[in-house]
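Here is how names work: the chains are called A, B, and so on, in the same order as the sequence lines, proteins then strands, and each is numbered from 1. Every heavy atom of this structure was used, including side-chain atoms; hydrogens, water molecules and symmetry mates were not.
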Number of protein chains: 2
Amino acid sequence: MRASDRAYAALRDDIIEWRLLPGTVLAEVEQSERLGISRTPLREALSRLTAEGLTTTAGSRGVVVTDISLEDIDELFELRETLEGKAAALAAERGDPATFEQLRLELLQAPELINGGGPGLHAYYELAGRLDAAIDAAISNSYLAQAMRSLRVHLVRVRRLAADDARRLTAAAAEHAAIAEAIAAGNPRLAEAATTVHLHRSLSHVKVTHTPH
Amino acid sequence: MRASDRAYAALRDDIIEWRLLPGTVLAEVEQSERLGISRTPLREALSRLTAEGLTTTAGSRGVVVTDISLEDIDELFELRETLEGKAAALAAERGDPATFEQLRLELLQAPELINGGGPGLHAYYELAGRLDAAIDAAISNSYLAQAMRSLRVHLVRVRRLAADDARRLTAAAAEHAAIAEAIAAGNPRLAEAATTVHLHRSLSHVKVTHTPH
DNA sequence: ACGCTCCTCAGTGTATACACAGACGGCAGT
DNA sequence: ACTGCCGTCTGTGTATACACTGAGGAGCGT
């Protein structure tokens, strides 16, 4: 693996996991020494991060970690609703029903995973990821998939803010199952509506757990 | 201006204007010599182009100019309809009616510009750009605006394929005026519908002029 | 003659040296 | 004491040298 890839992955993780807080300046020499590489691959990594919006170039002060405010979260979810709603509708039109029926059945079992503790929790996140991947594959639209991928980077960052308690995750699993069911049934409007409902509930949850900080 | 900026702008133009055809390999040494800069800023430029999707890294063969097929155009417009429809609806909710009423009035005069020849044509394109910018500003959602910007790069490339005759441009101006009117009237659903209609007509025009090649 | 192996070389990946611009602090003048 | 100017210095922008990998061809062996 290239040094620039490692630097990119390391910095991306540090930002997403909030080890590098918003406003932190990422000086080239400092970071290149920290990561044990030279400035050239580091610049490549910073360039990619900036393209994704995780960092911004602040004039001649180098690049700084982008801030995420509450208004940003609203905007983020507004775009997310648009893209994922469309994606769910397209998946209902073009996807393979059997795939989503299978996912629906697995999602119905999710509460057991969630209440099962650590490894079960990880298994649930993996299952939710499989649903996302299945939708991505079903829409057969690389531009839309690309737009959703670039959005998910920011979403993971937001998700780290909210404490994902078991109650919310159980409800989310049921909402995911409803989406999978609508897609499996080949009902685009229902799939879009189910996605809208799910995203609004997620946003409410994030806001409730985050505002009293 | 930085050398990497110039390299980026030059390569971007070359790709958009089809002087660099899809499949062309952009070797670092070759391009850096052609543009009269060193490899370091060129790599930065190529990195940005790849992030935008205008080029892709093909293993160890360097980066190649991305291809655009007819299916890509369908996918492109599918995403564009989603994003610009939502943007128009948001603009109708949040935008300043006077701004769009003014744009509508100007767009009604557009046929005279279009039939006026060269400079008038340029003035029309500038006017259409002003409508896009006004919508961008009105939605007050940086993530959505960012997604639309990254999409427009590819759209410009497609537009170069289609011969924009006066008849199509006149019709497009009327469609733009309808969008501006709906936004000025504060009617989100109408604004979205007008956008959908406009994009479908644009897509049909591109396909008709391009397929018999 | 065909195939395998090794060599060469083109091209990217990385490191580092140099250039230059912006900022901060000190010093002097008022 | 305050303000304006200049020097220094940190940090990015650029160029270039070196390293390494992968591909292609030539040569030798069978």
Side-chain angles (χ1 to χ4, degrees), chain A residues 1-16 18-67 146 149-150 153, chain B residues 1-16 18-67 146 149-150 153:
Chain A
M1 183 183 282
R2 298 180 300 176
S4 61
D5 288 337
R6 279 187 289 117
Y8 167 75
L11 287 172
R12 187 170 170 279
D13 264 20
D14 283 344
I15 294 174
I16 286 176
W18 296 85
R19 286 189 294 267
L20 287 173
L21 296 178
T24 308
V25 292
L26 302 178
E28 293 184 1
V29 285
E30 170 196 350
Q31 293 299 317
S32 64
E33 283 172 7
R34 183 173 78 91
L35 298 171
I37 58 173
S38 103
R39 281 180 53 213
T40 309
L42 182 87
R43 284 176 67 88
E44 160 115 17
L46 290 179
S47 172
R48 272 201 269 174
L49 289 171
T50 302
E52 284 184 330
L54 288 179
T55 57
T56 46
T57 63
S60 65
R61 296 254 278 279
V63 307
V64 300
V65 179
T66 309
D67 190 20
Q146 168 71 22
R149 260 196 304 278
S150 77
V153 180
Chain B
M1 183 183 282
R2 297 181 301 180
S4 61
D5 289 338
R6 280 187 290 117
Y8 167 75
L11 286 172
R12 187 171 170 279
D13 264 21
D14 284 344
I15 294 174
I16 286 176
W18 297 85
R19 287 189 293 268
L20 287 173
L21 297 178
T24 308
V25 291
L26 301 178
E28 293 185 2
V29 285
E30 170 196 351
Q31 292 299 317
S32 64
E33 284 172 7
R34 182 172 78 92
L35 299 171
I37 58 174
S38 105
R39 281 179 52 214
T40 309
L42 182 88
R43 283 176 67 89
E44 159 114 18
L46 291 179
S47 172
R48 273 201 268 174
L49 290 170
T50 302
E52 284 184 329
L54 288 179
T55 56
T56 46
T57 63
S60 65
R61 297 253 279 278
V63 307
V64 301
V65 179
T66 309
D67 191 20
Q146 168 70 22
R149 260 196 303 279
S150 77
V153 180

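The side chain to side chain contact (heavy atoms under 4.5 Å, CB included) check on V64(B) picks up V25(B), T56(B), A58(B), with sequence neighbours excluded.
The backbone N or O of E28(A) lies less than 3.5 Å from a partner atom in the side chain of S32(A), making a donor-acceptor pair. For T24(A) (side chain) and L20(A) (main-chain N/O), no donor-acceptor pair under 3.5 Å exists by modelled atom type.
Spacing between atom CZ of R2(B) and atom P of dC20(C) amounts to 17 Å, rounded to whole angstrom units. In this structure, the CD atom of E33(A) is 10 Å from the P atom of dG11(D), given to the nearest Å. Distance D5(A) CG to dT12(C) P: 16 Å, rounded to the nearest Å. As a whole-Å value, the separation of M1(B) CE from dT14(D) C1' is 16 Å. A straight line from CZ of R6(B) to C1' of dG13(D) spans 12 Å, rounded to a whole angstrom.
Contact check on R12(A) versus D5(A) returns no salt bridge, with no Lys/Arg side-chain nitrogen under 4.0 Å from an Asp/Glu carboxylate oxygen.
The two atoms that bring S4(B) and P41(B) nearest to each other are CB-O, 3.5 Å, heavy atoms only.
Residues S38(A) and E28(B) each lie close to DNA chain C; by heavy-atom proximity, the contact nearer the 5' end of the strand is made by E28(B).
With 3.5 Å as the limit, one finds no donor-acceptor pair spanning the side chains of T55(B) and T66(B).
DNA chain D is contacted by R39(B), T40(B), P41(B) of residues 39-52 of chain B, taking any non-hydrogen atom closer than 4.0 Å.
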